[in-house]
Peer 1: 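Here it is, the structure in full.
Side-chain atoms are counted along with the backbone in the values below, which use heavy atoms only and exclude waters and symmetry mates. Just follow the structure's listing: the first ligand is 1, and inside any ligand the first atom is 1.
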Amino acid sequence: TRISRPERILAYVKKHAVPGDAESVANAIDAYCSGVEWAMNIGIDKGKILDRVVSETDPDTVLELGTYCGYSTVRIGKLLRPEARLITIEMNPDYAKVAKQIIALAGLDSKVEILVGSSSELIPQLKKKLDIKTLDLVFIDHWKECYLPDTRCLEESGLLHKGTVLLADNVVCPGAPEYVKYIRNSSRYRSEYFSSRLEYLQVEDGLEKSVFLG
Ligand SMILES: O=C(NCCCOCn1ccc2cnccc21)c1cc(-c2ccc(F)cc2)cc(O)c1O
Ligand SMILES: [Mg+2]
């Protein structure tokens, strides 16, 4: 069988990015996915909103749900302080294998830990396994029907502190209606919607930023 789309992206990044230059890795993925074939990276327009939220939050500990090829992992990782840590959960081992190489090429492997498995299994283990106290930023970009149950799990696991920022991708397309309904009506969060475009297309999409109030 032909190599997978993530492996085609990796081959293009190896050819066109500068090792150790995270920006050139993100740019190479965007060039490939704009010019050759679409892929479900957060992309350029939503990526700029992600950059702004990460910079404003300046987190020590970040959790990402949904690594895919590691594009958003690289975008987030390049903005973190050297001592900050980024844990990213990917359920597909083949995607994780590609992401690990892309993150290493970006020179970010010292800040990033990829966990392979389901969020529902791994979130309850985070405190114990990774001696994490609480999370400063959670980027949610995995199965859209898991956004809400996993947010509940983060709350119950004591992983959120007053001020923790949740940033959810795709709240319009493909959409995460149960999550949006819960988070916008909950008195425990202050939410804000950032309208944008679906990656590499002219379709509307957006990010929901929610601050946990404790
Ligand atoms: O589906 C999407 N992402 C999710 C991937 C699987 O995630 C599975 N997954 C990854 C960790 C993880 C941990 N636990 C359980 C499942 C877990 C996704 C889809 C689209 C999209 C938009 C329009 C279309 F016509 C078609 C697709 C765009 C996006 O930006 C997305 O993020
Ligand atoms: Mg997404």
Peer 1: Ser196 and Asp205: side-chain donor and acceptor closer than 3.5 Å?
Peer 2: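 No, no side-chain donor-acceptor pair sits under 3.5 Å.
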Peer 1: In order of chain and number, which residues sit within 4.0 Å of ligand 1 by heavy atom?
Peer 2: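 Contacting ligand 1 under 4.0 Å are Trp38, Met40, Gly66, Ile89, Glu90, Met91, Gly117, Ser118, Ser119, Asp141, His142, Trp143, Lys144, Asp169, Asn170, Cys173, Pro174, Leu198, Glu199.
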Peer 1: How about His16 and Tyr32: are their ring centroids closer than 6.0 Å?
Peer 2: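 Not under 6.0 Å, so no.
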Peer 1: Looking at the Mg ion (ligand 2), which N/O/S atom of Asp169 is the nearest one?
Peer 2: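 It is OD2 of Asp169.
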Peer 1: Quick one: which of Glu155, Arg184, Lys209 gives a side chain to side chain donor-acceptor pair (under 3.5 Å) with Tyr189?
Peer 2: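 One option only clears the test, and that one is Glu155.
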Peer 1: Can you tell me if, anywhere in Asn170, an N/O/S atom lies at a distance from the Mg ion (ligand 2) that is smaller than 2.8 Å?
Peer 2: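 So Asn170 does bind the Mg ion (ligand 2) by this criterion.
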Peer 1: Is the Mg ion (ligand 2) under 2.8 Å from any N, O or S atom of Asp141?
Peer 2: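 Within the cut-off used here (under 2.8 Å), Asp141 does place an N, O or S atom near the Mg ion (ligand 2).
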Peer 1: Applying side-chain hydrogen bond (donor to acceptor under 3.5 Å, both in side chains), name anything that partners Tyr200, two or more places apart in sequence or on another chain.
Peer 2: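 side-chain hydrogen bond (donor to acceptor under 3.5 Å, both in side chains) list for Tyr200, sorted by chain: Asp30, Asn41.
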Peer 1: Side chains of Tyr71 and Glu199: is there a donor and an acceptor less than 3.5 Å apart?
Peer 2: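 Glu199 and Tyr71 do not have a side-chain donor-acceptor pair below 3.5 Å.
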Peer 1: Under a 3.5 Å threshold, yes or no: a donor from one side chain and an acceptor from the other, between Tyr12 and Lys15?
Peer 2: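 Judged by distance alone, the side chains do not pair up.
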Peer 1: Using distance alone, with no hydrogens and no angle criterion, decide if Glu64 and Ser72 have a side-chain donor and acceptor under 3.5 Å apart.
Peer 2: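 Yes, Ser72 and Glu64 have a side-chain donor paired with an acceptor closer than 3.5 Å.
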